[in-house]
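Structure first, then comments.
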Amino acid sequence: MGAYLIRRLATLPLLLLGISAASFALLNLAPGDPAEIVLRQRNPAQLPSSAEVAAMRIELGLDAPLPVQYTRWVSRALAGDLGQSYVTEQPVAAQLARRTVPTALLTAAALALALLVAVPIGILSARRRGSSLDAVARLAALVGAAAPSYALAYGLIILFAVKLSWLPALGYGSAAQMILPAAALSLAPMAQLMRLIRASMLETLGQDYIRTARAKGLSEQTVATGHALRNALLPVIGAMGVHLGYLLSGAVIVETIFTWPGLGQLIVGAALTRDYPVVQGFVTYIAVVVLLVNLVADVALRVADPRLRFGRGERFRF
């Protein structure tokens, strides 16, 4: 376990470097001159001259070659400085920190809702394989995995906010305002987790030790919850990192629709205004979060499943 953890930690800086370099290059391939855009935003009534644009490029550090710009950015990022927003002229790190809490709350609520629904339905679907309940659950999972989050978001707003007036459609600050965006964001991971748990439960129920437990006269309830459930849920631990990445990417759309003041809304505004430091800082920040969560999920999976710790140079440990 120790060697595995060291290897994973050693690869993190290389992955972050590759992700940040790729995002930096793609940002600079986008059309439009950030210096000209900034000048137009500061003075919409006047078209900036070429001299003003050149001066602004020097002020923003855009006059240097791209490798030099990227090297400067990396050196500052290692010290915790992600640059300054072109638009607000505020530190990018401070903006990301302010927007993290709303996004974390929304993501946690969506993930909790997905697990709360997917785990029991996935288990029941596996235990009643071939039944009408199984067919309905599989169809719902298929539709949920295919349906875009923005379509569900607008559907929830029309039904529960406009037609029934049960929940607020927009805003941030109360538990009621979190219900609709969390539900819209949780649909796809809920469907995927449901299918994953069903498949894992079916595989586990076919193992020899399950047949032995049944042969001992144990009830199906005891066999399912006391013997099969723990091993059937192991793949869910490993999938948490993947689903977190999906939730963070889906939050970009959902937060914009529900005017939720999180990272998603921040990055949409930054992309529209060519605020490159904010976009670059956001990509790097999310990469760090997703990579660390994947690492924690992999380590937790190895701790929960001793079979994964049995490899070359390692002894089998319980």
Got a second to check how far [X]'s [atom1] is from [Y]'s [atom2], nearest 0.5 Å?
X	Y	atom1	atom2	answer
L133	R128	CG	CZ	6.0 Å
L247	L185	CG	CG	5.0 Å
Y285	R99	OH	CZ	12.5 Å
N294	L15	CG	CG	10.0 Å
L202	I197	CG	CD1	12.0 Å
L156	L152	CG	CG	4.0 Å

Verify same cluster id: [X], [Y] (apolar side-chain graph, 4.5 Å):
X	Y	value
L66	L60	yes
L116	V236	no
M178	L159	yes
L106	Y150	yes
I179	V254	yes

Should T204 and S200 be marked as a side-chain contact (heavy atoms from CB on, under 4.5 Å) after you check the CA-CA gap, both sets of side-chain angles, and the distance that decides it?
CA-CA 6 Å; T204 304; S200 179; 4.2 Å; yes
Applying side-chain contact (heavy atoms from CB on, under 4.5 Å) to T11 and L291, what does each step give before you reach the verdict?
CA-CA 10 Å; T11 61; L291 289 174; over 6 Å; no
The test is side-chain contact (heavy atoms from CB on, under 4.5 Å); show your working for M194 and S125 and say whether it passes.
CA-CA 9 Å; M194 191 187 306; S125 180; 6.0 Å; no
When you measure from the side chain of [X] to the backbone of [Y], do you find a donor-acceptor pair of N or O atoms at a distance under 3.5 Å?
X	Y	result
T107	A104	no
T284	G281	no
E255	L263	yes
R76	D81	no

Closest non-hydrogen atom pair, [X] against [Y]:
X	Y	value
I121	A137	CG2-CB, 3.9 Å
V278	I267	O-CD1, 4.5 Å
M56	L39	CE-CD2, 3.6 Å
Q90	R98	OE1-NH2, 2.8 Å
P67	T71	O-OG1, 2.8 Å
L180	A169	CD1-CA, 4.4 Å

Side-chain touch [X]/[Y], heavy atoms, less than 4.5 angstrom:
X	Y	value
V288	L16	yes
V117	L193	no
W73	P277	no
L27	R274	no

How far apart are the C-alpha atoms of T256 and I253, what are their side-chain angles, what is the distance that settles it, and do they pass the side-chain contact (heavy atoms from CB on, under 4.5 Å) test?
CA-CA 5 Å; T256 304; I253 299 175; 5.9 Å; no
Given the options R198, R127, R195, D134 meets salt bridge (charged side-chain N to carboxylate O under 4.0 Å, His left out) only with R198
Could you tell me if Q280 and S23 have a donor-acceptor pair between their side chains, going purely by distance under 3.5 Å?
yes
Specify whether Y172 and W260 have parallel, tilted or perpendicular ring planes, treating 30° as the upper limit for parallel and 60° as the lower limit for perpendicular.
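Plane angle over 60°, so perpendicular.
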